[in-house]
Amino acid sequence: MSHAFIVHGPKDVDSLLKVHEALRQAGIATWYEPPGADTRESQASTAEAIDKSFAMIVLVSASSIRSREAQAQIERGIARGMTIIPFRIDNARLSGTFKKQLAENLRLAMMDDGGLEKLVAEVRGRYRRKCPVLSVMNLKGGVGKTTIAAQVFGAWQAALGGRVLLIDLDPQYNLTQTFFDMEAADQSAAKDKSVISLFEKSRLHAVDAPSPAERWNHLSADPFPTPAAEDIVHPLLGGDGPGGVLDLISGQFEISKYAFATDSAALSAIDTNFQRTIDHLRSSYDLIVFDTNPNATFLTRCALEASDRVIAPMHPDMYSLRGVKLLNQVLNEHIRPDNRPELSVLFNKVSRNEQSTFEADARNGAHDQRAGFDLAGALLQTALPRSGHLDVRSPEPDQAPWKSLVIHNGRGGGLKKIRESLTSAASEIRERLQAA
Ligand SMILES: Nc1ncnc2c1ncn2[C@@H]1O[C@H](COP(=O)(O)OP(=O)(O)OP(=O)(O)O)[C@@H](O)[C@H]1O
Ligand SMILES: [Mg+2]
């Protein structure tokens, strides 16, 4: 679990607790040295807590400016290249480390209008950037969403590293079946070790809870503790295969029950559960990727609300363009502007030999008007070619999941080029995320 580390002075207890509580309510865990603790005894755990945090909040006050412990903690954070967010809680004059390192960055103060809310927004932004969430989505079916979720992000993990989590949000659960045979997938779902446990209280959270998958006409709005990542995910790497972290939360048909539900209060509670659980999972990963269904449903909204960016695969043809256009409309009409993910478009199944007129026109902006947005600007430079390597068959029973990844396994001509395309798509997506 990753947290925000709070640096404070011995007399800052009231402000410390206010900041802690405001962040807790926003779903962000904090760590701070308990006021009055014997600092020599707790030095080792403090150092570890700094190293594991995603950001350091410094309460800037007369008390913290004079504190040696506070100075040492800030210096450790700076030495590790951490994000430091100073937060003024009184008007004390800066000196020492505070003056040298923090003076230029003093934008936020408790005394300002909405000061605490601004701090929470800043910390939340940092938290989200630490682990972006992507939806692979197009409202047209069969354009390569599942293939891209598996292969581009499998290549991301292999080439760019980091801990990557794939989540199968499509009730067809093809992404899960890319890695596991149907029986293994269904066995996991039978224990609720599957995507439904991100939405409703299930046997994964409490052994005596009924399974939401067996109750088609019932929605449970009960809150539940967010599951530990290791209890719900399936590792796709490791064992005798390549190392690194690429995990999957497997899918199931039963989440299509939400499309038939009419109880809007319960649906809203279930959406909130999902957002909270995804936010929590951000602390264990560096990237989360949803594979999604091809029509606009409750699941589409949940995915978009949780996402920082949408990757829309598209064939170079008018039908796919229409799917992307509808997707952009859904984004604009149903997602609040301050929470709206950015859209990137990735051509898939292009001819290997020559660029089609459609693709060239799209890159020149000739389809922007038809798309209803700046399609040329949203297009990634990389285009994935039509290739037998990307037409992955279902695995044999007991086949190691990593063998379904083209970046690690495959045979025959053209493999090197395909791997280069997958890696280059991943790098471009990362660049866009970093530039945002
Ligand atoms: N670049 C490619 N070259 C060859 N075959 C491909 C390529 N991309 C996808 N395919 C194949 O096209 C089919 C559809 O792809 P995929 O299942 O990824 O689409 P999808 O958008 O997820 O579909 P759905 O809307 O049903 O979820 C699959 O058989 C897949 O193996
Ligand atoms: Mg699919």
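We use all heavy atoms of the structure for the numbers below, so side chains are in, but hydrogens, waters and symmetry mates are not. Whatever order the structure lists ligands and atoms in, that order sets their numbers, starting from 1.
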Hey, could you give me each pair passing ring pair (Phe, Tyr, Trp, His ring centres under 6.0 Å) that has a residue in residues 367-420? Not counting sequence neighbours.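 Ring pair (Phe, Tyr, Trp, His ring centres under 6.0 Å) check on residues 367-420 returns F358-H367.
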
Specify the closest pair of heavy atoms between [X] and [Y], including all atoms of both residues, with the distance to one decimal.
X	Y	value
G372	N328	O-ND2, 3.9 Å
A261	L219	CB-CD1, 3.6 Å
P385	R352	CB-CG, 4.1 Å

Between atom OG of S202 and atom NZ of K191, what is the distance when rounded to the nearest 0.5 Å?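 Result: 12.5 Å between the selected atoms.
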
Filter the ligand 1-protein atom pairs down to N or O on both sides and distance under 3.5 Å, then list them.
| unit_1 | atom_1 | unit_2 | atom_2 | d |
| --- | --- | --- | --- | --- |
| ligand 1 | 1 (N) | N348 | OD1 | 2.9 |
| ligand 1 | 1 (N) | P385 | O | 2.9 |
| ligand 1 | 3 (N) | S387 | N | 2.9 |
| ligand 1 | 3 (N) | S387 | O | 3.2 |
| ligand 1 | 8 (N) | N348 | ND2 | 3.1 |
| ligand 1 | 12 (O) | K349 | NZ | 3.3 |
| ligand 1 | 18 (O) | T146 | N | 3.4 |
| ligand 1 | 18 (O) | T147 | N | 2.9 |
| ligand 1 | 18 (O) | T147 | OG1 | 2.5 |
| ligand 1 | 19 (O) | G144 | N | 3.0 |
| ligand 1 | 21 (O) | G142 | N | 3.4 |
| ligand 1 | 21 (O) | V143 | N | 3.0 |
| ligand 1 | 21 (O) | G144 | N | 3.0 |
| ligand 1 | 21 (O) | K145 | N | 2.9 |
| ligand 1 | 21 (O) | K145 | NZ | 2.8 |
| ligand 1 | 22 (O) | K145 | N | 3.4 |
| ligand 1 | 22 (O) | T146 | N | 2.8 |
| ligand 1 | 22 (O) | T146 | OG1 | 2.8 |
| ligand 1 | 23 (O) | G142 | N | 3.1 |
| ligand 1 | 25 (O) | G142 | N | 2.9 |
| ligand 1 | 25 (O) | K145 | NZ | 2.7 |
| ligand 1 | 26 (O) | Q172 | NE2 | 3.3 |
| ligand 1 | 27 (O) | Q172 | NE2 | 3.4 |
| ligand 1 | 29 (O) | D391 | OD1 | 3.3 |
| ligand 1 | 31 (O) | D391 | OD1 | 2.7 |

From T146, does some N, O or S atom reach closer than 2.8 Å to the Mg ion (ligand 2)?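 Yes.
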
For atom CZ of R370, is the number of surrounding heavy atoms from other residues, nucleotides or ligands below 6.0 Å larger than 12?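 Incorrect, the count does not exceed 12.
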
